[in-house]
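I have placed the structure first, in the form of structure tokens, so that the comments after it can refer back to it.
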Amino acid sequence: MDNKKEFKPFIPADKIVPEFTVTSVIIGLVLAVIFGAANAYLGLRVGMTVSASIPAAVISMGVIRVILRKDSILENNIVQTIGSAGESLAAGAIFTMPALFMWAIERPDEFSQPSFVAIALVALCGGILGVLFMVPLRTALIVEEHGVLPYPEGTACAEVLLAGEEGGSKSKIVFSGLGIAAVYKFIADGLCLFPSEVDFSFKNKTFTTAVGMDVLPALAGVGYICGPKISSYMFSGGVLSYLVLMPAIAFFGGDSLSTVVDEAGNALAFNQLSPGDIWGEYIRYIGAGAVAAGGIISLIKTFPTMIRTFKNAIKGFGHTGDSDRTSRDIPLPIVLIGILVLAVAMWVIPAIPVSFGGALIIVVFGFFFATVSSRMVGIVGSSNNPVSGMAIATLIVTTIILKVAGGSEVEVMTAAIVIGTIICIIAAMAGDTSQDLKTGYIVGATPMKQQIGELLGAVISAFAIGGVMFLLNSAWEFGSSQIPAPQASLMKMVVEGVVGDKMPWTLIFVGVFIAIVVEILKIPVLAFAIGLYLPIHLSAPIMVGGTVKWFIDRRKYKNEKEKKHYAEIGTLYSAGMIAGEGIVGILLALVAVFDWDINLSGIYGQDGANFAGSLSSLGNWVGLIVFALLVSTIFFVCRKKNVVEVDTKDMDA
């Protein structure tokens, strides 16, 4: 409690200013849908999402301060609180739920595609539980350990909010990135003027491999935000899979027959396989083993911290602090009643395939992982939170329990994924809520109003994410090259393996031991394993974005403040690029569903077709050149002149 007495929030507890207003709630809900949908698209494509708190805060300040001419830091805080909920709920849902769609495609006689209502209700239960579990933990983790747990994103978001009038000008940077990425995505994948995937494949009797990249703005943005280290670890995994393992498999297999068959049903020799065949039949299982091992290793390394945190949280459970405004949480009786009602609802609602035992597993595992997640993001940040590792551990234990308890294979697999989805969402939402509460603690927000905002964001996002998932699956189907859903594919393999379907365990364990070697070398195993699991076409553009960040960081600056401004401008622009591509990607999915023709041949007839054909004939090189121009815009918005002007304005203020 000493930390709390010493700490003085920006807005004192005895000062009442506009906070939970109609304006802040509406803007927050809109941003929750936008960033939730964009992150759903991004996660289904590359298997990772990015934090939306800072972009939401910046956009909020641009609207509230500049357009509406209002000055309330707490309103802006409510906007980012609600807005970031969509991103977190999306992360939890897309990592697991698409497995049900993929089973419905592969085994239509046994599995039925989940309904929109089922997806929305599952997401809603996980989102609300994630917020409710975090309520009684706030004092123990946010207040009493204020000087111990930094909560990087929460603290950074507070700094952005405290920057004051600066937010209005910075919001233009976010919208600039959004607009440029939206136009680029529409030209590339809508009008198809140049390929959005650059590929150079090599195949002969002794050597088979492929290199290339998806030349898309979101991937470059992800690389910039992750930075050069994480990007290089991911790219290293891609290099190992495509330039070491793939040629080795083709070379050592030689003329012997593989498990891949042609259209006539004849088995192909290893040296006849394309790079895509080798990746789909062998490499991805090695990558899956590495990712699974990486997630479990991350959990084992933090297990002592988990236990200690869980014990402390139990001791502080229910402590809601003093009665002043900045210490007021949702009352504990309401929290407990809400948890009980949701547990019963998951059990009795037919659309949610969870038994009484499953509901009990969700509550027990959910509270444990909510505690773990909240503590973990306080140390390493939301971006490094091992949610996938928690999901894998949950799926393994849950599938074993359900299998022992009896039931058909379809029932066990479906229930395991649903339970895993809810717990995954709980962990993601608890981590996001704790970051937002940290921001609120610094600026002097009312915790109860933030918690209500998180619940509203979870409700609107649950239905939005359900719609987005249905739309994307209808347009391209999960597991396709457009929407590979890598994390969900991994969870699907885990459940199938435990239930007893055929699994190439040798390949899985090769990946496991690769992950162990990487851990011994003290390389961040999860980032490397994700790169090993994903096609190199995804990790290569992420590496480009990370390289841009490396160049910008290495420039000479007058002081640390100038360098910080420089990096932050690039981060905001990159976040805008991610949102822009995600939004247009969803619009293009609508186009695909309704079978509209928007390419140049459809709009301008033969002249348009000839023009598009002349560009397409140049193929890969046009894609690389245009992508290079896109990446150069990051350097443009981060030019030093802009940073100096911002700093001068700050000093004058």
Side-chain angles (χ1 to χ4, degrees), residues 42 45-46 50 173-202 210-232 234-236 238-239 242-243 531 534-555 566-567 569-582 584-585 588 600 611-643:
L42 178 66
R45 190 169 180 90
V46 302
V50 295
I173 298 170
V174 180
F175 285 116
S176 297
L178 189 151
I180 289 174
V183 172
Y184 181 101
K185 175 72 173 178
F186 180 73
I187 293 173
D189 286 344
L191 300 179
C192 301
L193 283 186
F194 59 88
S196 58
E197 178 178 320
V198 172
D199 179 73
F200 297 92
S201 297
F202 307 93
V211 293
M213 64 173 71
D214 287 0
V215 287
L216 292 171
L219 300 177
V222 168
Y224 185 94
I225 293 173
C226 290
K229 284 190 176 181
I230 298 298
S231 299
S232 64
M234 289 184 64
F235 186 60
S236 298
V239 170
Y242 273 74
L243 300 180
L534 293 174
I536 197 171
H537 301 78
L538 298 176
S539 58
I542 291 174
M543 183 69 229
V544 171
T547 304
V548 171
K549 180 68 161 59
W550 180 80
F551 276 113
I552 289 175
D553 286 344
R554 285 180 63 85
R555 288 181 176 178
Y566 218 154
I569 287 173
T571 298
L572 294 174
Y573 183 78
S574 298
M577 288 203 302
I578 293 169
E581 182 186 330
V584 174
L588 291 178
L600 287 185
F611 178 67
S614 64
L615 285 178
S616 298
S617 64
L618 299 174
N620 291 335
W621 299 109
V622 173
L624 287 174
I625 292 170
V626 178
F627 186 63
L629 293 174
L630 173 73
V631 171
S632 68
T633 63
I634 302 177
F635 287 102
F636 177 78
V637 298
C638 291
R639 64 193 186 279
K640 199 168 184 179
K641 180 181 177 182
N642 280 353
V643 178

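In this chain, numbering begins with 1 at the start of the sequence shown. What you see is a predicted model; the values in this text were computed from it and never measured.
Under the rule for a ring-ring contact (aromatic ring centres under 6.0 Å, His included), the partners of Phe200 that lie at least two apart in sequence or sit in another chain are Trp621. Residues passing the ring-ring contact (aromatic ring centres under 6.0 Å, His included) test with Phe235: none are found, sequence neighbours excluded. Under the side chain to side chain contact (heavy atoms under 4.5 Å, CB included) criterion, Ile552 pairs with Tyr224, Val548, Tyr557, Tyr566, Ile634, Phe635, Cys638, not counting sequence neighbours.
A donor-acceptor pair is defined here as one N or O able to donate and one able to accept, closer than 3.5 Å; such a pair exists between the side chain of Ser231 and the backbone of Gly223.
You'll find the side chain of Lys185 reaches within 4.5 Å of the side chain of Leu216, heavy atoms only.
Listed by first and then second residue, the salt bridge (Lys or Arg N to Asp or Glu O under 4.0 Å) pairs involving residues 190-201 amount to none (not counting sequence neighbours). The side-chain hydrogen bond (donor to acceptor under 3.5 Å, both in side chains) analysis of residues 542-554, with sequence neighbours excluded, yields the pairs Lys549-Asp553. The side-chain hydrogen bond (donor to acceptor under 3.5 Å, both in side chains) pairs that include a residue from residues 213-222 are Arg45-Asp214, where partners are two or more places apart or lie in different chains.
Note that OG1 of Thr633 and CG of Leu629 are 9.0 Å apart. Values are rounded to the nearest 0.5 Å. Between atom CE of residue Met543 and atom CG of residue Leu219 there is a gap of 14.0 Å, rounded to the nearest 0.5 Å. Of the inter-residue distances, the one linking Ile536 atom CD1 with Met213 atom CE reads 9.0 Å to the nearest 0.5 angstrom.
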Would Val584 and Tyr184 satisfy side chain to side chain contact (heavy atoms under 4.5 Å, CB included), going step by step from the backbone distance to the final call? CA-CA 9 Å; Val584 174; Tyr184 181 101; over 6 Å; no

Under the criterion side chain to side chain contact (heavy atoms under 4.5 Å, CB included), I'd like the reasoning laid out for Phe627 against Val198: C-alpha separation, chi angles, the key distance, then a yes or no. CA-CA 10 Å; Phe627 186 63; Val198 172; over 6 Å; no

